[in-house]
**Student:** 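Encoded as structure tokens, here's the structure I'll be asking about.
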Number of protein chains: 2
Amino acid sequence: MRLTTKGRYAVTAMLDLALHEGKGPISLADISERQGISLSYLEQLFAKLRRNELVHSVRGPGGGYQLKRERGAINVAEVIDAVNESVDATGCNKTANCQGGDVCLTHHLWCDLSDQIHGFLSGISLADLVHRHDVQEVAERQQRAMAQPEKLIASSVASAS
Amino acid sequence: MRLTTKGRYAVTAMLDLALHEGKGPISLADISERQGISLSYLEQLFAKLRRNELVHSVRGPGGGYQLKRERGAINVAEVIDAVNESVDATGCNKTANCQGGDVCLTHHLWCDLSDQIHGFLSGISLADLVHRHDVQEVAERQQRAMAQPEKLIASSVASAS
DNA sequence: ACTAAAGCCTAGTAAAATGGTCGGAATAAT
DNA sequence: ATTATTCCGACCATTTTACTAGGCTTTAGT
């Protein structure tokens, strides 16, 4: 089981796409600016998201990415799985050969935990997140920041409350 | 949030202690043999477990480790916390300064997930694990293996089913 | 046709974490 | 004294993370 910035970035970027749906393709440059994630890193993450059929790309000027399915049909667990290549906590990857070809003492515990986490995250869709109050507030703040591009870099270092 | 072999090893070792409670101190060498965890690595893990008041050590020959509290009073979350120094999924470590002094889009999602995981793991005590059928079966297998020490190394490589 | 904006791809890389090893203390039972 | 054990600090190889660099391809706009 891995839950690091990688997965967090992926979910954040996908949520950004969900928030700006209907405005045509969103460029990674925009996401990079709004969410403070390195552009090249985003490219790598989106390569995986595309391979996993979560986003659809449009090349050329004015191009960018769009969600491949509607936001209610994409859940958080999928997104993390796509970039992490496994949301599994067992280590033996459910093969149960943790101890010399046999299960280790705590094998089933980690299986249960994996199910728990997966269940929680797969129960949350991008649409659910979009409708959360805290997400809407942050999204509005980001939109205001984008309106004054020259302040963007500064505000990303010293919080302009 | 980190859930890797480190935490798994710690929980496995603590469960091994719980299973052999009442037989006096258990040496790390025994645990190393039974659970297939490197002795030196166990030493490092137990240094943290001791600092976190989860185990009690006895030095000298015949020494070893014992649970500091009864097994019903030690839960899995504590053990993982002790070796990982945080069972937190947020990355900003709940300080909410993920994006230039302000919360990022998905801050609250990760807070919720952390609560979920912590709630699940803190609801499981070592005593709970000891009573599980699968744990008892594995423990018995390990006891049989310990009875024939010469076969231990071999069976840890090629499964002797 | 040209240019520029975007996606796409590969390689490299510094820093951190993981999962150890090694050597030598200190301590206590025999 | 010897020996079995915990303790402790340094070191190390490998992997992952998060990121940069650079080049190539596609395509809209002029």
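In the text below, chain A, chain B and the rest are named by the order of the sequence lines, each starting its count at 1.
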**Student:** Given atom CG of A:Leu42 and atom P of D:dT17, what is their separation to the nearest angstrom?
**Tutor:** 16 Å
**Student:** Nearest whole Å is fine: how far is D:dT17 C1' from A:Lys48 NZ?
**Tutor:** 10 Å
**Student:** Got a sec, which residues hit side-chain contact (heavy atoms from CB on, under 4.5 Å) with B:Glu53, two or more places apart in sequence or on another chain?
**Tutor:**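 Partners of B:Glu53 under the side-chain contact (heavy atoms from CB on, under 4.5 Å) test: B:Lys68.
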**Student:** Find the distance B:Leu49:CG to D:dC8:C1' and express it as a whole number of Å.
**Tutor:**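 For the pair B:Leu49 CG and D:dC8 C1', the rounded distance is 16 Å.
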**Student:** Tell me every residue that passes side-chain contact (heavy atoms from CB on, under 4.5 Å) with A:Arg59, counting only those two or more places apart in sequence or in another chain.
**Tutor:** none
**Student:** Starting at atom CD1 of B:Ile31, determine the distance to atom C1' of D:dT5, rounded to an integer number of angstrom.
**Tutor:** 13 Å
**Student:** Partners of B:Arg50 by side chain to side chain donor-acceptor pair (under 3.5 Å), sequence neighbours excluded?
**Tutor:**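 Here no residue qualifies.
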**Student:** Would you kindly give the OH-to-C1' distance between B:Tyr41 and D:dC12, to the nearest whole Å?
**Tutor:**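 One finds 14 Å between C1' of D:dC12 and OH of B:Tyr41, rounded.
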**Student:** Is B:Tyr9 close enough to C:dT18 that one of its side-chain N or O atoms is under 4.0 Å from OP1 or OP2 there?
**Tutor:** no
**Student:** Identify all side-chain donor-acceptor contacts of residues 124-131 of chain B below 3.5 Å with residues at least two apart in sequence or on another chain.
**Tutor:**
from, atom 1, to, atom 2, distance (Å)
B:Ser125, OG, B:Ala127, N, 3.3
B:Ser125, OG, B:Asp128, N, 3.1
B:Ser125, OG, B:Asp128, OD2, 3.3
B:Asp128, OD2, B:Ser125, N, 3.0
B:His131, ND1, B:Ala127, O, 2.9

**Student:** Between N or O atoms, less than 3.5 Å apart, protein on one side and nucleotides 4-11 of chain C on the other: list the pairs.
**Tutor:**
from, atom 1, to, atom 2, distance (Å)
C:dG7, OP1, A:Leu28, N, 3.0
C:dG7, N2, A:Arg59, NH2, 3.3
C:dC8, OP1, A:Ser57, OG, 2.6
C:dC8, OP2, A:Arg50, NE, 3.4
C:dC8, OP2, A:Tyr65, OH, 2.3
C:dC8, N4, A:Glu43, OE1, 3.2
C:dC8, N4, A:Glu43, OE2, 3.1
C:dC9, OP2, A:Arg50, NH2, 2.9
C:dC9, N4, A:Glu43, OE1, 2.9

**Student:** What is the distance from CG of B:Leu45 to P of C:dA17, rounded to the nearest Å?
**Tutor:**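 After rounding, the gap between these two atoms is 16 Å.
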**Student:** So, are B:Arg69 and B:Glu78 salt-bridged, with charged N and O less than 4.0 Å apart?
**Tutor:**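 A salt bridge is present here (some side-chain N lies under 4.0 Å from a carboxylate O).
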**Student:** Among residues at least two apart in sequence or on other chains, which ones pass side chain to side chain donor-acceptor pair (under 3.5 Å) with B:Asp112?
**Tutor:** A:Arg132
**Student:** Mind calculating the distance between CD1 (A:Ile37) and P (D:dT17) to the nearest angstrom?
**Tutor:** 16 Å
